[in-house]
**Q** 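Next up is a structure, given as structure tokens.
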Amino acid sequence: MGLNYQLVLWNKNKKVYDRFILLFVLLYLLLFWGITLITNSNTSLETLTIRSSGTLAILLLHIILSIGPLARINKKFLPLLYNRRHLGVSMFLIALIHGGFSIFQFHMLGDVNPIYSVFTSNLDYSSLHDFPFQVLGFLALLILFAMAATSHDFWLANLSAKTWKTLHMLVYVAYALIVSHVFLGAFQQETSPYMPVLMGIGFVVLVILHISAGIKEVKKDKQTYEASDEDWKYVCEIDEIEEDRAKIFIVDHERIAIFKYENKLSAIHNVCKHQGGPLGEGKIIDGCITCPWHGYQYLPQNGQSPPPFTEKVATYYVKIEDKKVYVLPKPLDEGTEVSPAIIES
Amino acid sequence: MKKDEFYIGYINQIPSKIKRKLKFTVWILVLVVIVFAVVFSFFQNKFKNSTFELTNVSEITGTFHSKPYPSVRIELSPNDYKNVLLLGFGKFGPDKDIENMESRLNSIEGKEVSIKGNLIYYNGKTLLQIADSEKFPVMKKESQLPERKINSLGEIEIEGEVIDPKCYFGVMKPGFGKIHRSCAVRCISGGIPPVFTTRSKEGNSEYFMITDSKGNKINHDILEYVGQPVKVKGALEQLDNWFILKLNVEDIELLKGNSKIYSN
């Protein structure tokens, strides 16, 4: 949680996660280099490096883009989300090897600046078939750099979660650029149909996962309650909320989470201050609402992170009448103390 | 009662059901990694057995000629001659190196010299990336070889691709086609001789040094046609082991689709 900034706040699960990243990277490189050297030994080390890093970056990007919707569809995938930024930074570094070697190989040691060469050595911008595909890869690499450079919580806090999230949604632009880079470049020359088919399968899987996750979110929203004025609103029966868990409803497009714990009810804004995680899908752990994404915690009665942490979310008045739960949809200032509604037994 | 499992990253203990799901996911990912690695490596087009002796410096002795592009003519066996194209470092032609040599030895045109460099060779063609031109050669001699004979073979119209021979004959894998187009443009723009290559139905490749219709260098005028399938026509000549194609850039026709040499 955001008390002070360290390069990486290591813990056991992050270390295990990173070991698996390293293991998968090594497995891929070992297979790619081994198979190429055995079956196509006239290759060069430069080409091996460029191709193995480029294809590995594409594979990692597909995995990264799958994690978000997978975690939405099934909460058991949330551990994959927990340290996704390390996977993202790893993918950027591998893409950088691909881009750096390609620029060195194809554009450096020449009669013009290599970056200028990337944009001008092929000027067929109006032709799809002859399009300068390297430009697309270069732009994608810039986006991946911006994302990797701002991946630390320092930037998350200073750019605001909303701006940070918007910046990091550019990963979809990067994905589109990379797919175009590959289809207008390598696949114009490599004759095997299996590579584009595999990329196509990857695309279809991503689309299906995102649509499935979207449908689930829409269904969840429909199960919640709409309210927009300042009157007390009936939400649900007390028994509909599980112990130490919450129920979420919507007011003016903002989600509110009502938590039930220790015979009490408290309501807070559903959005975690860290990365916008859904607090209402979290759980009360050690008396604190705990975000399912990265474990950020808030006290239910005031929406404040326990000292010494400083994050705060808005709170709401909540009451119980005849075992029915009501909420006053007007948000209070972030961190405002609100007496929990007591559940009479 | 159903156990309400909840994962928190910074707590070491992972709930059992979540742990089982993660183990299953890891195995799926192992499978995905293997499939991607196999498909992207095994199904690559075959690379050519061209060679670039990057770490080995050789010395060749022969008669220097600057036209149509700088080369050294060597005698392989009686009346059998080979022209070794000269290249500079990186994506440059040999002009700077020849300038260095001639600043020490005056003109070396038609003289016998020993030049050091890294050999590049494939399919009967040899090129040399000049090394140490500030020190070598240390002397020039009168040529021991007879005058060159350039045979005129008439007009020709042929389809293929303009490539830079440095990459095509050894430095890059592959050194042709769309992937390599930008690099070929840089190389030819930097003074490396443009070469036209084509492939017959039988699979035999031929290579042509390209000049303008008067036999002059054509590097900059041909840049927009480099690395693409084109049809060219012009006067065909033969100089020892090389064809020379003299053409007008205006006569070059861009073709749609992949170049025939992609199947090399």
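Per chain, numbering begins at 1; letters A, B, ... match sequence-line order.
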**Q** For A:Y17, is it the side chain, the backbone, both or neither that has a heavy atom under 4.5 Å from a heavy atom of chain B?
**A** neither

**Q** Which one of A:I35, A:T36, A:N40 satisfies the side-chain contact (heavy atoms from CB on, under 4.5 Å) criterion with B:F42?
**A**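 Passing option: A:I35.
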
**Q** So, the side chain of A:N122 versus the backbone of B:S182: is there a donor-acceptor pair under 3.5 Å, distance only?
**A** no

**Q** Taking every non-hydrogen pair under 4.5 Å, which of A:G110, A:S102, A:A186, A:S52 racks up the most with chain B?
**A** A:G110

**Q** Under a 4.5 Å heavy-atom cut-off, does chain A meet the side chain of B:I8, its backbone, both or neither?
**A** both

**Q** Is it the side chain or the backbone of A:F20 that comes within 4.5 Å of chain B heavy atoms, both, or neither?
**A**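 The side chain, not the backbone.
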
**Q** Counting heavy-atom pairs closer than 4.5 Å to chain B, which one of A:I58, A:L184, A:L60 comes out on top?
**A** A:L184

**Q** Heavy-atom count around A:E242 CD within 6.0 Å, excluding the residue itself: above 12?
**A** no

**Q** Would you call the rings of B:F36 and A:H62 parallel, tilted or perpendicular, taking 30° and 60° as the class edges?
**A** tilted

**Q** Select one option (side chain, backbone, both, neither) describing which atoms of A:D244 are under 4.5 Å from chain B's heavy atoms.
**A** neither

**Q** Tell me, for B:V30 versus chain A, whether the close heavy atoms (under 4.5 Å) come from the side chain, the backbone, both or neither.
**A**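 Its backbone and side chain both get close to chain A.
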
**Q** Can you say whether the rings of B:H180 and A:F106 are parallel (under 30°), tilted (30 to 60°) or perpendicular (over 60°)?
**A**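 The arrangement is perpendicular - the two ring planes meet at more than 60°.
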
**Q** Tell me, side chain or backbone of A:F119 under 4.5 Å from chain B's heavy atoms, or both, or neither?
**A** neither

**Q** Please give me the minimum heavy-atom distance between A:K76 and B:I18, naming the atom from each residue.
**A**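 The answer is O-CG2, 3.9 Å.
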
**Q** Quick one: do A:V25 and B:V33 satisfy side-chain contact (heavy atoms from CB on, under 4.5 Å)? Show the steps, please.
**A** CA-CA 9 Å; A:V25 166; B:V33 165; over 6 Å; no

**Q** Just so I understand: if I count every heavy-atom pair under 4.5 Å between each of A:L48, A:T55, A:L30 and chain B, which residue has the most?
**A** A:T55

**Q** Looking at every non-hydrogen atom in both residues, tell me the closest pair between B:A37 and A:L31 and how far apart they are.
**A** CB-CB, 3.6 Å

**Q** Verify the neighbour count for atom CG of A:L37: are there more than 12 heavy atoms of other residues, nucleotides or ligands below 6.0 Å?
**A** yes

**Q** May I ask you to decide whether A:D124 forms a salt bridge with B:K178, counting only side-chain N to carboxylate O separations under 4.0 Å?
**A** no

**Q** Are the side chains of B:F40 and A:R51 in contact, using a 4.5 Å heavy-atom criterion?
**A**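 Answer no - side chains too far apart.
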
**Q** Which one of A:L78, A:L56, A:N11, A:D111 has the most heavy-atom pairs closer than 4.5 Å to chain B?
**A**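 Answer, by heavy-atom pair count under 4.5 Å with chain B: A:D111.
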
**Q** Checking heavy atoms, do the side chain of B:I34, its backbone, both or neither come under 4.5 Å from chain A?
**A** both

**Q** Show the nearest heavy-atom pair for residues B:M172 and A:Q105, with the distance to one decimal.
**A** CE-O, 2.9 Å

**Q** Checking heavy atoms, do the side chain of A:I63, its backbone, both or neither come under 4.5 Å from chain B?
**A** side chain

**Q** Can you confirm whether A:D130 sits close enough to B:Q228 that some side-chain heavy atom of one is under 4.5 Å from a side-chain heavy atom of the other?
**A**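 In short, these two side chains touch, coming nearer than 4.5 Å.
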
**Q** Taking every heavy-atom pair that is under 4.5 Å apart, which of A:S44, A:S192, A:P79, A:G34 has the most such pairs with chain B?
**A**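 Option with the greatest count: A:P79.
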
**Q** Taking every heavy-atom pair that is under 4.5 Å apart, which of B:V35, B:V26, B:V38 has the most such pairs with chain A?
**A**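 Option with the top pair count is B:V26.
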
**Q** Which heavy atom in B:I179 sits nearest to a heavy atom in A:Q189, and how many Å separate them?
**A**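 Looking at all heavy atoms of both residues, the shortest contact is N-OE1, 2.8 Å.
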
**Q** To the nearest 0.5 Å, what is the distance between CD on B:Q44 and CE on A:M195?
**A**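 Between B:Q44 CD and A:M195 CE, I get 5.5 Å after rounding to 0.5 Å.
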
**Q** How far apart are the closest heavy atoms of B:F92 and A:L109, and which atoms are they?
**A**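 Closest approach of B:F92 to A:L109, heavy atoms only: CE1-O, 3.5 Å.
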
**Q** Which residue out of B:I14, B:V32, B:V226, B:N12 racks up the most heavy-atom pairs below 4.5 Å with chain A?
**A** B:N12

**Q** Between the side chains of A:S117 and B:R186, does any donor sit under 3.5 Å from an acceptor?
**A** yes

**Q** Hey, is CD on B:E157 packed in by over 12 heavy atoms from elsewhere, all under 6.0 Å?
**A** yes

**Q** So A:F133 and B:R181, side-chain contact (heavy atoms from CB on, under 4.5 Å) or not? Walk me through it.
**A** CA-CA 11 Å; A:F133 68 100; B:R181 181 177 169 189; over 6 Å; no

**Q** Go through B:Y10 and A:W10 one step at a time and tell me if the side-chain contact (heavy atoms from CB on, under 4.5 Å) criterion holds.
**A** CA-CA 8 Å; B:Y10 50 78; A:W10 287 109; over 6 Å; no

**Q** Quick one: closest heavy-atom pair of B:Y7 and A:Y82, and the distance?
**A**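 Taking B:Y7 first and A:Y82 second, the nearest heavy atoms are OH-CD2, 3.7 Å.
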
**Q** Determine, step by step, whether B:K48 and A:N42 satisfy the side-chain contact (heavy atoms from CB on, under 4.5 Å) criterion, reporting the C-alpha distance in whole Å, the side-chain angles of both residues, the deciding distance to 0.1 Å, and the verdict.
**A** CA-CA 6 Å; B:K48 296 181 303 187; A:N42 285 320; over 6 Å; no

